[in-house]
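Below: the structure, in structure tokens.
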Amino acid sequence: MAFGSSPDFDVVVIGAGAAGLSTAAFSAGLGLKVALIERGTMGGDCLNFGCVPSKAMLAAAHAAASARNAHRFGIRLPPPEIDWTALRAHIGGTIDHIAPTDSEARFRAMGVDVIRASAHFAAPDVVEAGGRRLTFRRCVIAAGSQAIVPDIPGLGPVPWLTNETIFDLEEPPGHLIILGGGPIGLEMAQAHARLGCLVTVIEAGRIAGRDDPELADGLRRALTADGVTLLEGTKLASVEPDPAEDGTPGLVAVLADGRRIGGTHLLLAVGRAPRLAGLDLEAGQVAHTKAGITTDAGLRSTTNRRVFAVGDIADPVGIGPRAFTHVASQHAGVLARAMLFRLPAKVDYAALPRVTYTDPELAQIGMTEEEARKAGQDVRILRFPVPETDRAVAERVPIGLVKLVATKSGVLLGAGILAPHAGEMAGTFALMIGRKMKLSTLAGLVLPYPTLAEAAKRAAGDFYAPKLMSPLVKRVVGLLKRLP
Ligand SMILES: Cc1cc2nc3c(=O)[nH]c(=O)nc-3n(C[C@H](O)[C@H](O)[C@H](O)COP(=O)(O)OP(=O)(O)OC[C@H]3O[C@@H](n4cnc5c(N)ncnc54)[C@H](O)[C@@H]3O)c2cc1C
Ligand SMILES: NC(=O)c1ccc[n+]([C@@H]2O[C@H](COP(=O)([O-])OP(=O)(O)OC[C@H]3O[C@@H](n4cnc5c(N)ncnc54)[C@H](O)[C@@H]3O)[C@@H](O)[C@H]2O)c1
């Protein structure tokens, strides 16, 4: 940019996914001149290849499971028939319904200059896209992440799927082999199993490895009951193409112990890598590692003060990346305060919720027991089995657990919930942990009866039960009862 001249844009945003769209919307709303650059589909991963299609598919899968399980309630139904074409129309229709919110037309109407092209840095204050050279006051990198493609011998000729292609299958997979038992692998495993496919998950460690092992154990039982084969602590040595006689592609997964598993499709779900390639971050003098763009806790690049990063691609120093849509929104909020209002805003994940949308759902808010202990906390653990609530009995919920992690003085640090619709309970815990509330708040809450959430109240109540039943309290009650 020539000395003294003003830049073309106040804010240039690279990527129109959850993080970039929120950033562009608030910046334009505050009257700034904004360019939003997207090389793919408006809405990014969440709308097109992530949260939305996966939850739409899971909804269909859960409906099929409900039909299969109706006999438990005295309702006899024929086995459900899966109409794959109609199912795909449901998934596509869900995306189409939400798409206008993320559309180019909506953002143009806000006054945003939407550029449909690939963006890269040409200088620390210049981005190029679609043959245009854009100078900026601030650039926000919101280019997201993509599925990691591991280096597995034989993978080249085997047709593999990622989250970007699995929702496009015109026929249901006969036998879906899933590599990786994290949220993507597990959600897709249950969805496909309940939709009538054979499913095998190959996981190098244990499934739901970031979650509490007790909660993961319940999920393991639920998935196994759905017919998912879980191979944990198992390394994949290689894959071989194995087309069927009619020429339809197939594969054999060869495990490190020599076992051979034949399947029709392979889904790679072994984690995400930031989309750094092509951004020419060197030209922009933007520091990065393979985890993402290195920022301070206010999401500002540590090497180019004009540049910020948000969403999956952001790697705030000491906190690390988190790949969730609600984190993308949180980042946009931090950015609004830090970048535009120059307030000392920082990313804070202390009360962060995350949910794996299987049935039962696995929700974790704040710290797991292991994380709290690693952080040096002297913790109290409280549990209550969800199936012991009256609501669970009525609804025949066989598996579930609430596990609370608190300080010795009763301040809630973390909550893990394995229960149907556990995600719907997460807000209460995010509020409690965020506000550093004590378990007494939860134990004293009047909850509607009968609800699964009562399990959490019962777990919190256990913190106080020994104190209530102590000899001292008994003596006080004994003295008080003598009063007229
Ligand atoms: C299968 C699956 C299920 C998920 N389910 C959930 C869920 O239930 N809940 C949840 O909270 N999260 C979920 N996630 C995670 C969530 O989708 C991501 O955290 C979220 O999409 C991140 O948003 P983002 O804006 O950072 O990136 P993205 O959505 O990836 O958007 C980045 C955009 O930048 C564009 N781009 C990249 N490079 C350039 C460039 N050089 N020039 C121009 N444009 C560029 C890309 O085309 C893309 O559109 C799921 C993810 C997957 C894969
Ligand atoms: N419901 C949700 O909120 C939701 C759903 C899907 C994805 N996401 C986001 O996307 C992220 C990525 O999800 P993901 O499931 O791909 O990744 P992940 O990193 O969470 O899990 C990947 C799993 O693959 C295993 N793995 C890695 N390499 C392997 C190999 N060679 N062989 C066998 N197993 C291997 C790991 O041990 C791990 O358990 C999540 O962490 C989350 O942030 C969120």
Side-chain angles (χ1 to χ4, degrees), residues 13-23 36-55 57-58 102 115-121 127-130 141-148 150-152 162-164 166-167 178-188 191 201-211 216 231-237 253 255-256 267-281 292 309-314 321-329 331-332 352-358 361-364 423:
V13 183
I14 302 177
L21 290 169
S22 304
T23 304
L36 174 63
I37 312 170
E38 172 57 57
R39 69 178 177 197
T41 325
M42 295 292 287
D45 272 17
C46 183
L47 175 63
N48 302 290
F49 323 108
C51 331
V52 174
S54 61
K55 266 78 256 180
M57 187 182 240
L58 279 163
D102 296 357
I115 301 167
R116 305 298 295 271
S118 194
H120 65 93
F121 282 88
V127 160
E128 286 178 349
I141 306 174
S145 66
Q146 63 196 16
I148 291 174
D151 191 11
I152 298 164
T162 67
N163 65 295
E164 290 191 31
I166 189 154
F167 302 109
I178 300 177
L179 195 61
I184 295 181
L186 298 180
E187 289 183 357
M188 288 297 95
V201 176
I202 301 172
E203 163 57 55
R206 70 162 169 87
I207 63 154
R210 285 179 206 172
D211 288 296
L231 304 175
E232 297 178 74
T234 309
K235 286 247 158 66
L236 182 63
L255 305 184
L267 171 67
L268 302 178
V270 294
R272 313 281 301 167
R275 284 196 196 97
L276 301 167
L279 286 169
D280 205 349
L281 295 169
V310 284
D312 285 12
I313 203 167
R322 298 284 190 288
F324 297 102
T325 295
H326 45 280
V327 169
S329 308
H331 283 182
L352 185 70
R354 58 172 193 263
V355 182
T356 300
Y357 292 92
T358 42
E361 291 180 359
L362 199 171
Q364 179 67 44

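Counting convention: from 1, in listed order, for ligands and their atoms alike.
Within the 4.0 Å heavy-atom criterion, the part of Ile14 lying near ligand 1 is the side chain and not the backbone. Of the heavy atoms in Ala117, only backbone atoms (N, CA, C, O) come closer than 4.0 Å to ligand 1. Contacts with ligand 1 closer than 4.0 Å are made by heavy atoms of both the backbone and the side chain of Asp312. Only the side chain of Arg210 comes within 4.0 Å of ligand 2, judged by heavy-atom distances. Looking at Asn163 against ligand 1, only its side chain comes within 4.0 Å, counting heavy atoms. With a 4.0 Å cut-off on non-hydrogen atoms, Ser54 touches ligand 1 through its side chain and not its backbone. Counting heavy atoms under 4.0 Å from ligand 2, residue Val355 touches it through the backbone alone. When non-hydrogen atoms are compared, ligand 1 lies under 4.0 Å from the side chain of Arg272 (C-beta onward) but not from its backbone. Under 4.0 angstrom from ligand 1, the non-hydrogen atoms of Arg275 all belong to its side chain. Under 4.0 Å from ligand 1, the heavy atoms of Lys55 that appear belong solely to its side chain. With a heavy-atom cut-off of 4.0 Å, Phe49 touches ligand 1 through its backbone alone. If you look at Val355 next to ligand 1, there are no close heavy atoms at all, none under 4.0 Å.
The main-chain N or O of Gln364 is never found under 3.5 Å from a side-chain atom of Arg354 such that the two would form a donor-acceptor pair. Using modelled atom types, no side-chain atom of His120 and backbone atom of Asp280 make a donor-acceptor pair closer than 3.5 Å. Panel note: side chain Thr234, backbone Glu232; a donor-acceptor pair is recorded below 3.5 Å. At least one donor-acceptor pair closer than 3.5 Å links the side chain of Glu361 to the backbone N or O of Gly423.
In this structure, Ala119 and Ile14 approach most closely via the heavy-atom pair CB-CG2, 3.9 Å. Closest non-hydrogen pair, Leu281 versus Ile141, comes out as CD2-CD1, 3.8 Å. Residues Ile313 and Arg275 approach most closely at CD1-O, 3.5 Å, considering heavy atoms. For Phe49 against Phe167, the heavy-atom pair with the smallest separation is O-CE1, 3.7 Å. Closest approach of Ser54 and Glu187 over heavy atoms only: OG-OE1, 3.8 Å. Here the closest non-hydrogen pair linking Arg116 and Gly40 is NH2-O, 2.9 Å.
In terms of protein heavy atoms, atom 35 (C) of ligand 1 is closest to Glu38 OE1, 3.3 Å. Closest protein heavy atom to atom 25 (O) of ligand 1: Ala19 N, 2.9 Å. The single protein non-hydrogen atom nearest to atom 10 (C) of ligand 1 is Thr325 N, 3.5 Å, given as residue, atom name and distance. When only non-hydrogen protein atoms are considered, atom 35 (C) of ligand 2 lies nearest to Val270 CG1, 3.7 Å. Among protein heavy atoms, the minimum distance from atom 37 (O) of ligand 2 is reached at Glu203 OE2, 2.6 Å. For atom 32 (N) of ligand 2, the closest non-hydrogen atom of the protein is Leu179 CD1, 3.5 Å. The nearest protein atom to atom 44 (C) of ligand 2, hydrogens excluded, is given as Phe324 CE2, 3.7 Å; this is a heavy-atom distance. The nearest protein atom to atom 41 (N) of ligand 1, hydrogens excluded, is given as Ala119 O, 3.0 Å; this is a heavy-atom distance. In terms of protein heavy-atom proximity, atom 12 (C) of ligand 2 is nearest to Arg272 CG, 3.3 Å. Ranking protein heavy atoms by distance to atom 21 (O) of ligand 1, first place goes to Cys46 N, 3.4 Å. For atom 29 (O) of ligand 1, the closest heavy atom belonging to the protein is Asp45 N, 2.9 Å. Distance from atom 9 (N) of ligand 1 to its nearest protein heavy atom, with residue and atom name: Cys51 SG, 4.0 Å. The protein heavy atom nearest to atom 15 (C) of ligand 1 is Ala323 O, 3.6 Å.
Within 6.0 Å of the NZ atom in Lys55, the count of heavy atoms belonging to other residues, nucleotides or ligands exceeds 12.
When the heavy atoms of Ala269, Gly130, Gly50 are ranked by distance to atom 2 (C) of ligand 1, first place goes to Gly50. Distances from atom 10 (O) of ligand 2 to the heavy atoms of Pro183, Ala323, Gly181, Cys46 show the closest one on Ala323. Counting heavy atoms only, Gly182 comes closest to atom 21 (O) of ligand 2 of the residues Gly182, Gly185, Pro321. Scanning Gly180, Ala273, Pro150 for the heavy atom closest to atom 24 (O) of ligand 2 points to Gly180.
Here's the thing with Thr356: none of its N/O atoms is less than 3.5 angstrom from an N/O atom of ligand 2. Distances between N or O atoms of Ala204 and those of ligand 2 include at least one value under 3.5 Å. Ligand 2 has no N or O atom lying under 3.5 Å from any N or O atom of Gly205, backbone or side chain. Of the N or O atoms in Arg39, one or more lie within a sub-3.5 Å distance of an N or O in ligand 1. Ligand 2 has an N or O atom lying under 3.5 Å from an N or O atom of Ile184, backbone or side chain.
Using a 4.0 Å cutoff on heavy atoms, Arg322 does not count as a contact of ligand 2.
Within the listing of ligand 2, atoms 1 (N) sit less than 4.0 angstrom from a heavy atom of Tyr357. Interface atoms of ligand 2 facing Gly271, defined by a heavy-atom separation under 4.0 Å, are 14 (P), 16 (O), 17 (O), 19 (O), 22 (C). Numbered from 1 in the order shown, with element, the atoms of ligand 2 that lie under 4.0 Å from a heavy atom of Ile202 read 33 (C), 34 (N).
The shortest distance between side-chain heavy atoms of Arg272 and Asp45 falls below 4.5 Å.
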